[in-house]
Amino acid sequence: MSSAAGGMSRVTPRRIMRGHTSWVNSVVHLPDGRHITTCSRDGSLRLWDLESGSQIGEDWRDENKVGLQSMALSPNGKTIASGNDDRTVRLWDVETRKAIAKWMGHGDFVWALCWSADGERVASGSSDGTARVWDVKRGQTVLRIETGHKWVYAVMYSPDSSKLATGGNKGNAVKIWDAKTGERLTTLKHDRMVCSLAWTSDGKKLISGSSRLIRIFDTATWQQIAILEGHTNVVNALSLSRNNRLLASASSDSTAHLWNLDTNLLVGPPLQHENELWSAALSPDGKVLVTGCQNKNAYTWDVHAILKDAGLDDLLLIGTNVAPKDRLKQKAPQDDLGIQHTHRSSLSDKSFLEADATTGQFGGLDELSPTFFDGMEADVDVRNQNFYYLIFIQISVLPVLQCTPPFLCKCTPRSSFLAPPPLST
C-alpha cells in the first residue's frame with residue numbers, strides 16, 4: 001500500500017484493472033459496494049469486481065460501437081446513462097448489461113451527465129455548447145439551454161434538483177440555471193475553463209475544478225470561500241464523500257488528491273499515475289477511490305488506510321458534527337478577503353511507473369417499461385456520480401501554451417483529435 005523512496009512516502013494502488021483498449025473516461029460504484037462499472041473511448045462499458053480487480057463477463061456494447069466519454073448511475077442504481085461520440089445519450093440496464101434507449105439531439109460529443117435526485121430527469125452537456133434536460137420515461141428533451149460555453153464539460157444538479165450548474169470554456173465560468181425554466185440565476189467567474197463540479201448534499205456549497213485550482217462557493221451568497229491548491233494542471237473530476245468531509249480530485253497532472261474539507265487541506269501524498277486522469281469516484285462508504293486513466297487502466301486506492309495513516313479515522317463518520325482533533329490548529333490560512341488558500345504539496349510528483357498492487361428510441365422502444373422508476377424514491381446519494389471530461393484546448397483558451405506536433409496541436413478542432421493533447425501550464 002505504501003512505500004518509501006528517497007525518504008518520501010508513496011502510496012501505491014490496491015488493484016489495477018486492465019482490459020480497456022483506450023482511455024478510461026468514467027467510473028461508477030454500484031450499490032452493492034462490491035462492483036464498479038467503467039466506460040472508455042474503446043466503445044465499451046465493463047463490470048469489475050472491486051476486491052479482485054477482475055472483469056466480470058463480457059464487455060457491454062451496442063451495435064454502433066461508439067466511444068463513450070461520460071457516464072452516470074441512476075439514483076436507484078438500476079440504469080447507467082452514457083454520453084457518446086456519436087452525439088447521443090444512451091441508457092443501459094445494469095442487470096442485463098444491454099442498451100435500452102438512445103436519445104438524439106446534441107450536435108457534438110456528450111461530455112457530461114447527471115441524474116436528478118428523483119431519477120426522472122437526466123442533464124447532459126456537450127461540445128455543441130448546450131446543456132439539455134431529458135425526460136427519462138419519454139426519452140425527450142424538455143429543456144435546452146444555450147449555455148454560452150463553447151464546450152460544456154460539466155453539469156451538476158443541486159441536491160433538490162431545482163438548479164443546474166454548468167462548467168466549460170469560453171467565458172471561463174460556472175453558470176447556475178433554474179432547472180425547470182432554463183433561466184440563468186448567476187455566473188461564477190473563473191480565470192480558466194471549468195471542467196468538474198460537485199455539490200454538497202446539504203446544498204450549501206458548490207465545488208469547481210479548473211486549471212490547477214479547486215474553488216468552493218457558498219451557495220447562499222455565491223461568494224468564493226476557499227481555494228484548494230495542489231494540482232499543477234486541469235482538474236478533470238471531483239468526488240465527494242456522503243458526509244461532505246472528504247473530497248477526491250483527479251487531474252491531467254497524472255495525480256489524484258484527497259482533501260479534508262473540515263480544514264481544506266490535503267490528506268496524504270498525491271496518488272501518482274502513469275498518465276492523465278479523467279475520472280475519480282469514491283465508494284459509497286468513502287473507503288475506496290477508483291480512478292480512470294488515459295493509459296487504459298483503472299486503479300483502486302485504499303482511502304481508509306490513507307486516512308488512518310494521517311490520523312483522520314473520523315473523517316468518514318456520518319451523523320456527527322464533532323470537530324476532529326487539531327481541526328482549528330490545522331485550518332488553511334485566509335487571505336485579506338477571507339478566502340482560504342491551501343499550500344501546494346511538496347511531495348515528489350514522479351510516476352509510480354513500475355508499481356503494481358495486487359427524441360429517443362432504441363431497438364424500436366419509444367418508452368421505458370412501466371417499472372423503470374421502481375425504487376427511484378429511495379433515500380439515495382447522487383453526489384458521487386462522476387462526470388468525466390476530456391480536455392481539448394485551443395490556443396484561445398490557454399494562450400500560454402505552444403503548439404506541439406500537428407496531430408497534438410491545441411488549435412485543432414476537438415472532433416479531429418485521435419488523442420487529447422497533454423496539457424502543460
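- Scanning for side chain to side chain donor-acceptor pair (under 3.5 Å) contacts around W60 gives an empty result, with sequence neighbours left out.
- Side-chain contact check for I306 versus L271: some heavy-atom pair is nearer than 4.5 Å.
- Taking the six-membered ring for Trp and the full ring otherwise, the centers of H149 and W151 sit at least 6.0 Å from each other.
- Electrostatic pairing of R61 and D59 counts as a salt bridge here, judged by a charged N lying under 4.0 Å from a carboxylate O.
- Looking at T37, V28, N76, L73 one by one, the single match for side-chain contact (heavy atoms from CB on, under 4.5 Å) with V94 turns out to be L73.
- Classification of the W222-W199 ring pair by plane angle, with boundaries at 30° and 60°, yields perpendicular.
- Looking at D135 and R121, a side-chain N of the basic residue comes within less than 4.0 Å of a carboxylate O on the acidic one, giving a salt bridge.
- Ion pairing between a basic and an acidic side chain is recognised when a charged N comes within 4.0 Å of a carboxylate O; K150 and D128 show no such pairing.
- Side chain of S249 to main chain of A256: no donor-acceptor pair is present (N/O by atom type, distance under 3.5 Å, no hydrogens or angles).
- Listed by chain and number, the residues in a side chain to side chain donor-acceptor pair (under 3.5 Å) with D218 amount to none (sequence neighbours excluded).
- Using a cut-off of 4.0 Å between Lys/Arg side-chain N and Asp/Glu carboxylate O, R245 and D262 are scored as salt-bridged.
- Checking D118 against S161 by side-chain atom types alone, no donor-acceptor pair falls below 3.5 Å.
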